[in-house]
Amino acid sequence: MSPTEIFISIVIAVGIAGIIVPVLPGTILVLGAIFVWTLEVGTTTAWAVFAVSAVLLVGGSVVKYLVPGRNLKTAGVPNRTLLVGALLGFIGFFVIPVIGMFIGFVLGVYVAERARVGGALAWPSTKGALRAVGVSILIELVAACLAAIVWVAGVAAT
């Protein structure tokens with residue numbers, strides 16, 4: 001492996017980690033790293049790898065909103081609940097670095113749902129919202145891993 005390929009693989013790994021712990025723009029990092037590699041190599045194979053990776057990542061980004069969004073609508077969880085969760089997650093990130101984001105998000109979703117449906121139904125509704133967010137992260141993660149696999153195959157082919 002060349003130094004550029006080692007660097008690209010590190011950026012892809014950081015991008016995948018950024019999907020799992022949403023502090024960094026994971027999908028953009030993965031796509032950007034593959035694009036830099038494509039410019040460096042410049043072959044038809046490299047451009048094909050970039051095209052397939054871009055389709056996977058863009059497709060994953062679209063699906064990650066459609067599938068969980070449909071599940072949330074079915075469960076009756078409004079977007080404002082997720083907005084409150086995101087706001088408290090953002091605040092929590094600065095109060096308790098990194099893990100505060102998760103604590104704040106869960107707390108925000110629970111508080112919003114408690115205000116919306118009452119104490120008895122708040123936790124089941126919160127679990128449904130968290131499950132939808134987990135599915136969203138999983139979809140994005142699978143798309144990024146598939147793009148990374150395509151890149152590895154492209155590196156092996158060039």
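Just so you know, these numbers use all the heavy atoms, side chains as well, and skip hydrogens, waters and symmetry mates.
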Worksheet item: Do E140 and S61 have a side chain donor and acceptor closer than 3.5 Å?
Response: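 Distance-only check fails for E140 and S61.
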Practice prompt. Check whether the side chains of T126 and E113 place a donor and an acceptor atom closer than 3.5 Å, and report yes or no.
Written response: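 Distance-only check fails for T126 and E113.
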Worksheet item: Sub-3.5 Å donor-acceptor pair from the side chain of S136 to the main-chain atoms of K64, do we have one?
Response: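 Checking the backbone N and O of K64 against the side chain of S136, a donor-acceptor pair under 3.5 Å is found.
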Does one hydrophobic cluster hold both [X] and [Y], with members joined at side-chain heavy-atom distances below 4.5 Å?
{"X": "F102", "Y": "F93", "value": "yes"}
{"X": "V52", "Y": "V152", "value": "yes"}
{"X": "L138", "Y": "V21", "value": "yes"}
{"X": "V111", "Y": "L87", "value": "no"}
{"X": "I91", "Y": "Y110", "value": "no"}

Taking the side chain as everything from C-beta on, heavy atoms only, tell me whether [X] gets closer than 4.5 Å to [Y].
{"X": "T27", "Y": "I19", "value": "yes"}
{"X": "V67", "Y": "V135", "value": "yes"}
{"X": "C145", "Y": "I16", "value": "yes"}
{"X": "L39", "Y": "F50", "value": "no"}
{"X": "V49", "Y": "T38", "value": "no"}
{"X": "I99", "Y": "I96", "value": "yes"}
{"X": "V150", "Y": "L146", "value": "no"}

What are the two closest non-hydrogen atoms of [X] and [Y], and how far apart are they?
{"X": "V84", "Y": "G108", "result": "CG1-O, 3.4 Å"}
{"X": "A148", "Y": "I12", "result": "CB-CG2, 3.8 Å"}
{"X": "G60", "Y": "A143", "result": "CA-CB, 3.8 Å"}
{"X": "T45", "Y": "A157", "result": "CG2-CB, 4.2 Å"}
{"X": "A147", "Y": "S53", "result": "O-OG, 3.6 Å"}
{"X": "A33", "Y": "V11", "result": "CB-CG1, 3.6 Å"}

Between [atom1] on residue [X] and [atom2] on residue [Y], distance to nearest 0.5 Å:
{"X": "T158", "Y": "E40", "atom1": "OG1", "atom2": "CD", "result": "10.5 Å"}
{"X": "R114", "Y": "S125", "atom1": "CZ", "atom2": "OG", "result": "12.5 Å"}
{"X": "L82", "Y": "F105", "atom1": "CG", "atom2": "CZ", "result": "5.5 Å"}
{"X": "L121", "Y": "R116", "atom1": "CG", "atom2": "CZ", "result": "9.0 Å"}
{"X": "S9", "Y": "W37", "atom1": "OG", "atom2": "CH2", "result": "12.5 Å"}
{"X": "I34", "Y": "L29", "atom1": "CD1", "atom2": "CG", "result": "11.0 Å"}

Discussion item. Applying side-chain contact (heavy atoms from CB on, under 4.5 Å) to W151 and V30, what does each step give before you reach the verdict?
Written reply: CA-CA 10 Å; W151 175 74; V30 172; over 6 Å; no
Discussion item. For F7, is the CZ atom crowded, meaning more than 12 foreign heavy atoms sit under 6.0 Å from it?
Written reply: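 Check fails, neighbour count at 12 or below.
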Practice prompt. Take atom CG of L83 as the centre, draw a 6.0 Å sphere, and report whether it contains more than 12 heavy atoms from other residues, nucleotides or ligands.
Written response: yes
Practice prompt. Under the side-chain contact (heavy atoms from CB on, under 4.5 Å) rule, what do M101 and F90 come out as? Steps first, then yes or no, please.
Written response: CA-CA 6 Å; M101 178 175 46; F90 180 76; over 6 Å; no
Item to complete: Give the ring-plane orientation class for F35 versus W47, where under 30° counts as parallel, over 60° as perpendicular and anything between as tilted.
Response: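 Taking W47 first and then F35, their aromatic rings stand perpendicular (interplane angle over 60°).
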